[in-house]
Amino acid sequence: MHWPRTVDRASLPLDAAIGRTIARVGRHGKFILIALDGGRTLAVHLRMTGRLLVAGRGERDAHERLTVGFDDGSTLRFADARKFGRVRLLDGDPKAELGAGIDALDPALDAVAFAALLARRKTPIKTLLLDQRRIAGIGNIYANEALFRARIRPRRRAGSLTAAERARLLRALRFVLERAIERRGTSVADYVDAEGLPGEFQNLLAVYGRAGLPCRRCRTPIKRIELTQRGTFYCPVCQQ
DNA sequence: ATCAGCACCTGTTGGC
DNA sequence: TGCCAACAGGTGCTGA
């Protein structure tokens, strides 16, 4: 069943993509960027349950919301059980039009740039990590995991981190994101990648979803709190 | 600037 | 087995 709201309100009409060729595929933060010849870009955000799949003829997904057909008869399908995902056709620079912050894996996000992002900010560090307009690409699972690895409490005010803590956090973010990508993501429930395969990073989670279970480092039970309506997990001993 | 609350949606899970 | 509430990889809006 196709779903009209899958196309973002701010999108150019998708008709403008008809007849174009895909020039390259990239990513910025959580947006998949499909650059077309002629300069426009199709940005796809999977949100919670979206999937982008290249399907063979006849294959169907129960939650198909948008289908893109190609000259050779193949199709690109956007499926999304919860209908939160969005597709948006852009005219200019995707990063600017989407209002996204620097990508968490961008080498330009160095100690100086990271310090500038955190400076004087009173918001909890975890809330800041999830703010896509400041740093793009970190979701709830990886924010929790990186803070554990950096031994920093999620509620710490961003501006209160020492230089050493900031360095640990930046390294932890890179480490966690790169390992999760290697393992093709985290399948807590039903996530599968573009090949239809579940990820394997869930086996390596240290805190996310582990409320009450022993900390992998010190055996203290992991705590669960809520921070800006998101499940937040940490070890009360290891993380200060 | 910041956050709580709610909205958007459906599927799964656990308690009774 | 069935019903119902709680919860979930995310984000955007309103109002305090």
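These figures come from a predicted structure and were not determined experimentally. Quick note on labels: first sequence line is chain A, next is B, and so on, each numbered from 1.
The CZ atom of A:Arg120 sits 15.5 Å away from the CZ atom of A:Arg157 when rounded to the nearest 0.5 Å. In this structure, A:His45 NE2 and A:Arg86 CZ are separated by 10.5 Å, a value rounded to the nearest 0.5 Å.
Distances shown here put every side-chain N or O of A:His63 at or beyond 4.0 Å from the OP1 or OP2 atom of B:dC9.
Nucleotides C:dC3 and B:dC9 are separated by 26 Å at their P atoms, to the nearest Å. Spacing of C1' atoms, B:dT12 relative to C:dT11, comes out at 22 Å, to the nearest Å. Between B:dA4 and C:dG9, the distance separating the two C1' atoms is 22 Å to the nearest Å. Comparing the P positions of C:dG12 and B:dG11 gives an interatomic distance of 24 Å, to the nearest angstrom.
Every side-chain contact (heavy atoms from CB on, under 4.5 Å) that A:Ala10 has, sequence neighbours left out, goes to A:Asp8, A:Arg88.
Side-chain atoms of A:Thr75 and A:Arg77 include a donor-acceptor pair closer than 3.5 Å. With 3.5 Å as the limit, one finds no donor-acceptor pair spanning the side chains of A:Thr186 and A:Tyr208.
In this structure, A:Arg86 reaches neither bases nor backbone, as no heavy-atom distance under 4.0 Å exists between it and the strands shown.
Put simply, the side chain of A:Thr21 never gets that close to the backbone of A:Asp37: no donor and acceptor are under 3.5 Å apart.
Syn is the conformation of C:dG9, whose glycosidic angle sits no further than 90° from 0.
The side-chain heavy atoms of A:Lys126 and A:Leu147, taken from C-beta on, include a pair separated by under 4.5 Å.
Relative to the ring axis of A:Phe78, A:Arg51 does not place its NZ or CZ within 45° and under 6.0 Å from the centre.
Comparing A:Leu227 and A:Lys83 along DNA chain B, the residue whose closest nucleotide (by nearest heavy atom) sits nearer the 5' end is A:Leu227.
Ring centroids of A:Phe233 and A:Phe148 are separated by 6.0 Å or more, keeping the two rings apart.
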Q) Once Watson-Crick and G-U wobble pairs under 3.5 Å are found, how is DNA chain C written in dot-bracket notation, 5' to 3', with | for any base paired to another strand? A) .|||||||.|||||||
Q: Would you mind building the protein contact string for nucleotides 9-16 of chain C? One character per nucleotide, 5' to 3', B for base within reach (heavy atoms under 4.0 Å), S for sugar-phosphate only, - for untouched.
A: BBB-S---
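Nucleotide C:dA8 holds its C1' atom 14 Å from the CZ atom of A:Arg51, rounded to whole Å. One can place CG of A:Asp8 at 13 Å from C1' of B:dC8, the figure rounded to the nearest angstrom. Residue A:Asp61 contributes atom CG, which lies 15 Å from atom P of B:dT10 at whole-angstrom precision.
In this structure, of B:dC9, B:dG11, B:dA1, it is B:dC9 that holds the atom nearest to the side chain of A:Trp3.
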